Each structure stands twice: as C-alpha cells, then as structure tokens.
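Worksheet: one structure, shown below.
Protein chains get the first letters and strands the later ones, always in sequence-line order, with residue 1 at the start of each. Both backbone and side-chain heavy atoms feed into the values below; hydrogens, waters and symmetry mates do not. Quantities reported herein were computed from a predicted structural model and do not represent experimental measurements.
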Protein chains: 2
Amino acid sequence: MVAVGERIRLSDVALRAGVSVATASKALNGTGRMTPETRQRVQRVADELGFRPNAMARALISRRTFTVGLLTNDTYGRFTLPVMAGVSEALVDEGVSVFLCSIEDDPALGRVHLDAMLDKQVDGIISTGKRIDKRLPVDLSGLPVPVVYAFTQAPDDAVTLVSDDAQGAREACQWLVGLGRTNIVHITGPETFVSARDRAGAFREVLGERGRVLHGEWSETWGHQAIARLWDEKRARPDGIFCGNDQIARGVIDALRERGVQVPSDVSVVGFDNWEILAAATRPPLTSVDMNLKALGREAGRLILALSEGKQLEPGIRKLPCSLVVRQSCGGLTAD
Amino acid sequence: MVAVGERIRLSDVALRAGVSVATASKALNGTGRMTPETRQRVQRVADELGFRPNAMARALISRRTFTVGLLTNDTYGRFTLPVMAGVSEALVDEGVSVFLCSIEDDPALGRVHLDAMLDKQVDGIISTGKRIDKRLPVDLSGLPVPVVYAFTQAPDDAVTLVSDDAQGAREACQWLVGLGRTNIVHITGPETFVSARDRAGAFREVLGERGRVLHGEWSETWGHQAIARLWDEKRARPDGIFCGNDQIARGVIDALRERGVQVPSDVSVVGFDNWEILAAATRPPLTSVDMNLKALGREAGRLILALSEGKQLEPGIRKLPCSLVVRQSCGGLTAD
DNA sequence: TTGAAAGCGCTAACAC
DNA sequence: GTGTTAGCGCTTTCAA
C-alpha cells in the first residue's frame, strides 16, 4: 500500500547540521569553500537522513532534466525492444531516465506524447521504429531539443542510426561461399522494403550472375512456397540459401526436411535477425545475421546525450555493423 | 540537428497580453476572476506564441510530476511489452508519462533506476516482470510513492495484477470438451512455474480422472517429445491437446503432421499466450488463450493513477480474465 | 477585476 | 569559511 515516507529536503539537512541551506548545498555538491569538518558533517547528516535532492528543483535551475523521450511505433516488436534496452542501458549511468512513448501509427497520439515530453522538458528525443524506410507519424523538426533517429526513416539533416544491412548480408553470403556452396539462392521479403533491397543488392554483389533472388513475404509460409517452387523446377537445386529473415528461414528449413533434404549436409541455410527464440527452435538451430540492435540503442543513447550537452554532431546516416551468429544450419566449422 | 527554438515562458505571454504573470496564470488555468475579454486575450496570445507551461515548475509547486516509473526485467520479452503499451495507453490521456526502466536481473541496476525515479519525483511505480512467481530484484517497500505490481510476484500487502491462468485454462478445456473431444491431454511447462501448476490444476478440475498432464519445458522440442511419447505408447491416443504455451503447441502440431495425424480433424490443439506471430504461423493457425496483457497494463495504469491521487485501494491479487482466440487448430465452429 | 508578493527546493553570486 | 540574497517558471493567497 501507500507508504508515506516524508521526503527530506535540503533545509532539513541544513537545520540538523547547523548550517545554512546554501552551505549544505555546497557541501554536498563539492563546491564552494568550507572546512572539511563542516563538509563532512553535512554529508554525514544527509546520509543519515537519507537525503536525495529533488531533481525537479535542480532541473528548474540547470535547464537540464536528465530525461530523454523515446518514441516508438513498434509496440509488440522484437526490433524496438532491444533498441530501448540499449538506450536505457547507455543512459542510466549518466543519471538519465527514459520516457517510453508508444504511439502506434497514430499521428494524434504522437502529438500528445510529443507535447507531454516537451512540457516535461526532456533533454532530447530518440525516435525509433520497426522499419528503416518508414517515418513515424510525428514531425520532429524545429524542436527546442535535439533528436536522434534509430532504426527508422529520418529527414536528411538528422542524426540517424541504422544497421548495415548490406554488410550483414555480405557476411552471410561470404560465409556460404566460404563453405564451398556454389549454387546460392536468396529468399527474402517484399522488394518494397529497403532492407530487402539492400540485402538483395549485397547478395548480388557477392554472388554476381550466379545469385538468384526470390522476393515474397516475410513469413514462414513464403519460405515453404519458395522451396516448393525451387524444388519443382527442372533446374539445378541450390546448395545454399540465404534468407531475408528468420521466419522465412524457418519455413525453408521445415520445407526442406519435408522433402528429405538434409540441412546442413545437402543445403546450408542462413537467416537474418537472429531472433533468438526462433533461431534456436529451428532444427537444426539457425545460423543468422544479428543486427546488434541493443548496441544500436546504446549508440543512440550516447549520441542524444552528446547533443543534449551541446556538442555538435555531423548529420547523416550512421550504419552500425551486423554480425553473423553461427549455429548449425550451415555445417562447416560447427558441423553437427 | 539541434534546433534551438527559444521556449516561451508565462512571463512572455503576460508581457505581450499586457497583464501580470499572476493574471496570465489564472487566465490560462480557468481560475480566478477577470473579464472574459482579458481571459480570451491572454489565451489568444498564449496560442499565438505557442506557450506551453513548464511542467517542472508546476511539479515543484503541486508535488505531482505526472510521471510514473515502470520497472521491468523482461528486456526482450513478449510479456512485458504489451503490459508497457497498456500502461502507456492508460496514462497518456491523463498527461502522465512513463519512465521505462529495464533492470535485467541486476539488483544494483534496479537500485540505480529506482533512485533515479525517486529523485525525479515519480508519482508512482509499476513493477512488472515475465513470471508471476518471481520477484524483481528490488525492494519497493516503504517508498514515498505508491506501487502497483503487474505480472510479477509481490508482497502480500501490495496491489497486484495477474492474468487468471486457471480461468484461461478452463476456457480452453471446456472448448475442447464442447467440441466433443474425450481423450484430452495437457502438455505444459515445468511444474516449478506457478502458471504451469495453475493451468494444470484447472485442466484437472475440468477433465477430472480423464485428464493427463505432461510437464516438460516451454519449448517446441518438448512438444515434439511429448507427442513421440504419447504416440509410442500402447494406450488410446488423445483427440484433444491443451498446450501450456504456443511454442509447445507449435511443436505438437508439427510432430502430429510428421506422423500423418490431421489437425484438427483427428486431434484438436489449443495453445496458450496467443503469441500472434507464432500462432498465426502454425499450420493450421493456432487457437490459443490470450492473457490480455495490454488490458492488464491499462488496469495497472489506472490503479497507479488512482493511488497517486491519494485514493485507497484494497491490497491483494487481482486476477484479470484471459480469453480464447479461436483459429483453426480445433475444428468445430471454424473448421476448415 | 487585477497585481504584488511569497514560495515550491535548490543553486550561485556576492557579501560578510 | 559561511550566510544572505536572488532567481529558475509557475501558482496562489491576499491586498488594492
């Protein structure tokens, strides 16, 4: 139930320590000049009383609230969550707290949240989403606070953080090639997604003429369908498949098993997203590209902190590297 | 980039409207007495200037920050996310913002976040987790602000919100029974989980002697294993399976298909969690129990709001109903 | 009907 | 060394 511990003010500490409020303030902040004894006495009293300065009052003076807002439209998503965790992680040590604002895709809700944050004098705003080629339905230009965009589309002159899809895809492809696979196919999501295009581009770059790309949905079902198509053709069948996400990969692997094709001995499969719970549940466990979204979140936190401290940052898109997480779906190094 | 729109203060409005700060304040807050003309003029000026009151300054006076903290240890989880969304949704209309504090399972981190929130004078704290039978590693007793626990274990005298596992399980079982299934088995997670025990208890309650429970892991693999065990036995095989979560159900359905058993015509399967992305991907799509976590989050938001406004609430555990989401894995009403 | 003044909890000049 | 004073942006008596 509601425990009503009275809050201790600086004046309480000052009174009890027999000094003025100003002296108490200086004592605790390590500023001003006074005898070591006085300082220590004040500190001791503050500890005894469990004094914690009121951040509101401080903020009113310093014009810094040590608070940032995090806007997201990805309520249920596996993308935003690690980003948020990263942001929170990077900022907590600096005493900065994060306002979570989930705005769905509702411009009105976005406005409400934005206003609430601005009223609360956040030091900065991080905008994050579930696609790097869609904007949130809020206009964040001309705000009195800095903004960082992470894993969402942003204006050209903004500071933006995204994962390096092309590099991640390249690593996956090179891994398959390095394993001796020669007939490699890329099964991925709709061409309308920049991520799909970027990954496919990198795939073609590595594979050249040999590389074949199949666009479909981001779903298990599409994985099944794609395999059905490939296996029904009269052509040579692939010995390596790079999938646009883990769900497709899951469908692919299941479809291959249903056809008696062995993974990884007959075909190597790589996924994308490294969605732990899915990647670990495929049989065999899925080798997959991890976008390192938590690291991306941490970087977003660092950047917004720098900006809120008045530092200048070069605008533009910063791509953060992905990394390949090797499990058993490719054979080779960790063949089972 | 950093756009540096100067913030408008009340004094700016007052000056421009030709009144005192006090009058301006009253005009905008609808308090005090003055001619309608004065009030309107002030309001018009405030609108023109885009004045928004500084919430810090207000908070300093009113002792309410319109801010609550949300503690969670479920960084990647599908449980906490809907809860958070619900909390945020319930509170945004009241002008309350939510601090997101992801503390993993680290007591030190919990302490740091808690202190940060308290310093920032949150009006209340919501504690949430991924299991209803584990506590977060932070002591929230004796705080100067109210606390609500949602989907996590709590002290006896706390206000706690959990989903009604037993009721959800009961609905699932009755659904299977209503479909004419007579030999029903419950395949679920470890008995060490209260949720597993509660669901199994409800299952036995509905099925009586006929009900058989198999405990294992919360994984697809366990779903496969359980089916292997059941189908290798010399006993009559089940025609209805109630699974402890959707992952197990996924494993069960896949295992059944591998054995040529038809779902739902031969066997009806129900899952638990209604984890959209999984439930929709099973073939056929999975009928599953939804814990309505977003609604739970909303309720948590309402409760913390009530408490922070000084209302008294009966301590104890409040169970919120689950609901069955019918897809195609059971046949009957929506048979395919 | 309006405004001057005090004060929320704290920090920072500037006296003493 | 320490205290007095002013002020962050706002609300709220209380006096005019």
Could you go through nucleotides 14-16 of chain D and list every protein N or O atom that sits under 3.5 Å from one of its N or O atoms, giving the distance for each pair?
none

Might you list the N or O atoms of the protein lying below 3.5 Å from N or O atoms in nucleotides 6-8 of chain C, with each pair's distance?
{"residue": "C:dC8", "atom": "O3'", "partner": "B:Arg63", "partner atom": "NH2", "Å": "3.2"}

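Taking all atoms of both residues into account, the shortest heavy-atom contact from A:Phe66 to A:Glu94 is CD2-O, 3.8 Å. Residue A:Leu28 comes nearest to A:Ala46 through the heavy atom pair CD2-CB, 3.8 Å, listed as atom of the first residue, atom of the second, then distance.
Ion pairing between a basic and an acidic side chain is recognised when a charged N comes within 4.0 Å of a carboxylate O; A:Lys294 and B:Glu104 show such pairing. Using a 4.0 Å cut-off between charged nitrogen and carboxylate oxygen, B:Arg44 and B:Asp47 do not count as a salt-bridge pair.
The phosphate of D:dC8 (OP1 or OP2) has no side-chain N or O of B:Asn54 nearer than 4.0 angstrom. Proximity of B:Arg33 to the phosphate of C:dT2: no side-chain N or O atom is located under 4.0 Å from OP1 or OP2. Contact annotation: A:Ser20 side-chain N/O to D:dG3 OP1/OP2 distance is under 4.0 Å.
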- Step by step, work out the side-chain contact (heavy atoms from CB on, under 4.5 Å) result for B:Ser308 and B:Val68. CA-CA 9 Å; B:Ser308 73; B:Val68 311; 5.9 Å; no
- Task: Could you check A:Thr65 against A:Lys120 for side-chain contact (heavy atoms from CB on, under 4.5 Å), going step by step and ending with a plain yes or no?
- Result: CA-CA 8 Å; A:Thr65 54; A:Lys120 290 181 179 117; over 6 Å; no
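The shortest side-chain heavy-atom distance between A:Ile125 and A:Leu118 falls under the 4.5 Å cut-off. Side-chain contact check for B:Asp290 versus B:Glu276: every heavy-atom pair is 4.5 Å or farther apart. B:Leu71 places a side-chain heavy atom less than 4.5 Å from the side chain of B:Leu140.
Here A:Thr35 lies in heavy-atom contact (under 4.0 Å) with sugar-phosphate atoms only. Within 4.0 Å of A:Thr38, counting heavy atoms only, lie sugar-phosphate atoms of the nucleic acid but no base atom.
Straight-line distance from the CG atom of B:Leu28 to the P atom of C:dT2: 14 Å, rounded to whole Å. Whole-Å rounding puts the A:Arg64 CZ to D:dC8 C1' distance at 16 Å. Between A:Asp119 atom CG and D:dG9 atom C1' the separation is 13 Å, expressed in whole Å. The separation between B:Met56 atom CE and D:dG9 atom C1' is 11 Å, rounded to whole Å. The separation between A:Arg39 atom CZ and D:dG3 atom P is 13 Å, rounded to whole Å. Rounded to whole Å, atom P of C:dC10 lies 8 Å from atom CZ of A:Arg58. For B:Leu10 and D:dG9, the CG to P distance is 11 Å, given to the nearest whole Å. Distance A:Arg52 CZ to C:dG9 C1': 15 Å, rounded to the nearest Å.
Proximity note for B:Ser25 (side chain, C-beta onward) versus D:dT4, C:dT2, D:dT12: the nearest is D:dT12. Distances from the side chain of A:Ala22 to the nucleotides C:dT11, C:dG3, D:dT4 place D:dT4 closest.
Taking five base pairs at each end of the helix from C:dT1-D:dA16 to C:dC16-D:dG1, the local helix axes there meet at an angle of 50°, rounded to 10°.
In this structure, a donor-acceptor pair under 3.5 Å is present between the side chains of A:Thr80 and A:Asp74. Side-chain atoms of B:Ser88 and A:Ser102 include no donor-acceptor pair closer than 3.5 Å.
For the side chain to side chain donor-acceptor pair (under 3.5 Å) criterion with A:Asn73, the lone passing option out of A:Asp105, A:Thr152, A:Thr128, A:Asp106 is A:Asp105.
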